[in-house]
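For reference, the structure is listed below as structure tokens.
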Amino acid sequence: MRGGREIWTILTDTGQQALGLVSEARALGEEAGLRCCVVLVTADEVGELAALVGAGCQKLVHLEAEGREIVFYRPIAGTLASLAREREPRVILLLSSLFGRAVAPRLAAELQTGVTADCTALSMSREGQLRQIRPTFAGCFNAAVICRRTPAIASVRPGVFTARLYPKCALSVETVKLQGQPDVFTLVQKVGEGADTIGLARASVIFAGGLGLGSRQNYEELCRFAFLTGATPAASRGAVAAGWAPYSAQVGQTGAVVRPRLYVAFGISGSVQHLSGMSGAERIVAVNTDSRAPIFSISDAAMVADCNRVIEAGIQKFSREGLS
Ligand code: FAD
């Protein structure tokens with residue numbers, strides 16, 4: 001494929017993270033003279049389009065898919081590949097959600113091109129190629145990747161881009177039907193909570209707990225404190241690996257990327273992998289017994305204290321007085 005005049009964003013919803021990616025695609029498209037096209041894969045009617053247009057979408061293709069479950073990933077990727085062969089987008093972007101992680105490699109295989117997973121930054125080179133940045137070696141380095149084939153396919157960590165506001169424009173909308181049969185898999189049962197971290201990434205106040213909490217019971221107390229104050233509980237990978245918190249609560253390189261207004265870290269050391277998921281917070285408060293803990297280097301407020309005592313005091317105060 002030669003690589004034509006479009007940059008695609010393949011989405012399954014039009015939430016804030018999706019809109020952030022559309023805005024990034026539009027900005028990249030403007031740099032390289034590419035039209036920003038959204039391919040929306042959904043079984044539902046396409047509803048309100050103003051948000052998509054505002055985020056920068058210039059063309060919409062609605063792929064009417066019966067479902068987004070594992071049984072449909074192959075036909076979805078197949079249909080997207082046929083479309084891409086016909087229209088030759090130069091770049092295809094997806095979110096690193098369950099859907100994006102399942103579809104991006106299948107699509108790349110169909111189109112015999114490369115995919116860079118879990119990017120945290122994107123730009124266009126002078127030659128008009130997509131420059132993809134992704135953390136590597138446990139977040140110690142960033143790799144810059146350029147795909148020599150087109151389309152370049154990248155999945156992007158949810159939450160790294162925020163939506164911008166573009167002027168209104170007339171949007172062309174086209175509907176395409178899903179081709180092919182469900183995959184060879186049969187969905188038998190869904191087990192546990194979803195591994196997607198979309199909800200967490202939207203939270204505006206987060207209380208996150210780490211191994212410094214000392215026990216699962218103390219993590220539950222942190223959750224109680226969070227619920228009392230309207231915050232969303234989260235965890236370090238240490239706390240998730242200890243079995244105190246579900247994976248969907250994990251913040252960091254292999255969890256969610258969050259950008260809340262306030263992030264309070266209780267008993268979290270501040271490893272590079274954790275920081276890569278939360279350093280974009282507007283305000284960071286850390287509670288740690290070790291005054292040299294790395295988390296303090298990026299905190300706006302530091303409390304050298306036992307986090308469990310702080311949580312306990314907080315629960316007492318808010319249960320007595322409520323939010324005022
Ligand atoms: P620790 O590093 O053990 O820190 C505990 C902290 O609690 C210490 O600073 C200690 O001083 C403090 N403390 C102890 N007692 C108390 C107390 N009573 N009150 C207050 N403070 C106290 N980590 C993530 O978080 N997210 C990721 O997505 C992630 N991805 C990774 C990917 C890879 C490839 C690798 C190799 C690692 C990844 N990690 C990730 C793990 C990361 O390197 C750390 O091991 C992990 O973040 C540590 O979790 P923690 O801060 O809870 O625990």
Side-chain angles (χ1 to χ4, degrees), residues 17 95-98 100-101 116-120 133-143 155-160 193-201 203 206-226 232-260 263-281 284-299 301-316:
Q17 296 175 341
L95 286 171
S96 300
S97 57
L98 283 181
R101 284 179 208 169
T116 307
D118 226 15
C119 297
T120 52
I133 304 292
R134 69 160 339 268
T136 187
F137 291 113
C140 299
F141 297 100
N142 280 330
S155 71
V156 176
R157 208 176 277 180
V160 294
E193 31 84 50
D196 242 336
T197 49
I198 301 283
L200 187 59
I206 292 177
F207 287 1
L211 283 177
L213 289 167
S215 69
R216 185 192 182 114
Q217 220 176 357
N218 289 340
Y219 182 76
E220 281 163 12
E221 287 299 289
L222 165 79
C223 295
R224 218 175 120 211
F225 184 28
T232 302
S236 69
R237 177 153 137 179
V240 172
W244 305 343
Y247 169 70
S248 57
Q250 184 177 314
V251 169
Q253 186 191 320
T254 43
V257 176
V258 297
R259 286 176 186 275
Y263 189 91
V264 190
F266 293 95
I268 292 179
S269 57
S271 63
V272 280
Q273 295 90 0
H274 189 78
L275 301 188
S276 74
M278 46 64 78
S279 55
I284 297 169
V285 176
V287 187
N288 200 302
T289 42
D290 178 2
S291 61
R292 289 165 306 162
I295 189 94
F296 285 141
S297 64
I298 61 151
S299 300
M303 198 183 284
V304 179
D306 179 340
C307 58
N308 294 314
R309 295 192 61 187
V310 174
I311 291 167
E312 197 187 305
I315 290 175
Q316 278 181 14

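Throughout, numbering of the chain's residues begins at 1 and tracks the sequence. Note that ligands are numbered from 1 as they come in the structure, with each ligand's atoms numbered from 1 the same way.
Residues Pro135 and Ser276 are not in side-chain contact: their nearest non-hydrogen atoms beyond the backbone lie 4.5 Å or more apart. A 4.5 Å side-chain heavy-atom check between Leu200 and Thr232 finds at least one atom pair inside the cut-off. Within the 4.5 Å cutoff, side-chain heavy atoms of Val251 are placed close to those of Tyr263. In this structure the side chain of Ile295 reaches within 4.5 angstrom of the side chain of Leu275, judged on heavy atoms.
Of the N and O atoms on the side chains of Thr254 and Arg237, at least one donor lies less than 3.5 Å from an acceptor on the other residue.
Counting heavy atoms only, Thr254 comes closest to atom 29 (C) of ligand 1 of the residues Val272, Val251, Thr254, Asp290. Of the listed residues (Arg292, Met303, Gln273), the one carrying the non-hydrogen atom nearest atom 39 (N) of ligand 1 is Gln273. Looking at Ser236, Ala293, Pro135, it is Ser236 that brings a heavy atom closest to atom 49 (O) of ligand 1. Comparing Ser291, Gly210, Ser269 by heavy-atom distance to atom 51 (O) of ligand 1, the nearest is Ser269. Evaluated by nearest non-hydrogen atom to atom 42 (C) of ligand 1, the leading choice among Ala265, Ser276, Ala286, Ser271 is Ser271.
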Test side-chain contact (heavy atoms from CB on, under 4.5 Å) on Ile298 and Met278; report intermediate values, then the result. CA-CA 10 Å; Ile298 61 151; Met278 46 64 78; 4.0 Å; yes
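Close contacts of ligand 1 with Gly255, meaning ligand atoms under 4.0 Å from a residue heavy atom, involve 28 (O). Residue Gln253 approaches ligand 1 through these ligand atoms, each under 4.0 Å from one of its heavy atoms: 27 (C), 28 (O). Residue contact check: Gly252 has heavy atoms under 4.0 Å from atoms 26 (N), 27 (C), 28 (O) of ligand 1. Residue Cys307 has at least one heavy-atom neighbour below 4.0 Å for each of these atoms of ligand 1: 17 (C), 19 (N), 20 (C). Counting atoms of ligand 1 from 1 in the listed order, those under 4.0 Å from a heavy atom of Gly238 are 49 (O).
Some N or O of Gly267 is nearer than 3.5 Å to an N or O of ligand 1, by distance alone. Backbone and side-chain nitrogen or oxygen atoms of Ala235 are examined, and none is located within less than 3.5 angstrom of a nitrogen or oxygen of ligand 1. For a threshold of 3.5 Å applied to N or O pairs, the pair formed by Ala239 and ligand 1 contains no separation below that value. Ligand 1 has a nitrogen or oxygen under 3.5 angstrom from a nitrogen or oxygen of Asn288.
Partner of Leu222 under the side chain to side chain contact (heavy atoms under 4.5 Å, CB included) criterion, chosen from Val264, Leu213, Val310, Ile315: Leu213. Tested against Trp244 for a side chain to side chain contact (heavy atoms under 4.5 Å, CB included), the candidates Glu220, Gln217, Arg216 yield a single pass: Arg216.
By the 4.0 Å heavy-atom criterion, Gly277 is excluded from the residues contacting ligand 1. Heavy atoms of Ala305 come nearer than 4.0 angstrom to ligand 1 in at least one pair.
Relative orientation of the Phe207 and Phe225 rings is tilted, given thresholds of 30° and 60° on the angle between their planes.
Residues Arg224 and Glu221 are paired through a salt bridge, judged by an N-O separation under 4.0 Å between the basic side chain and the carboxylate.
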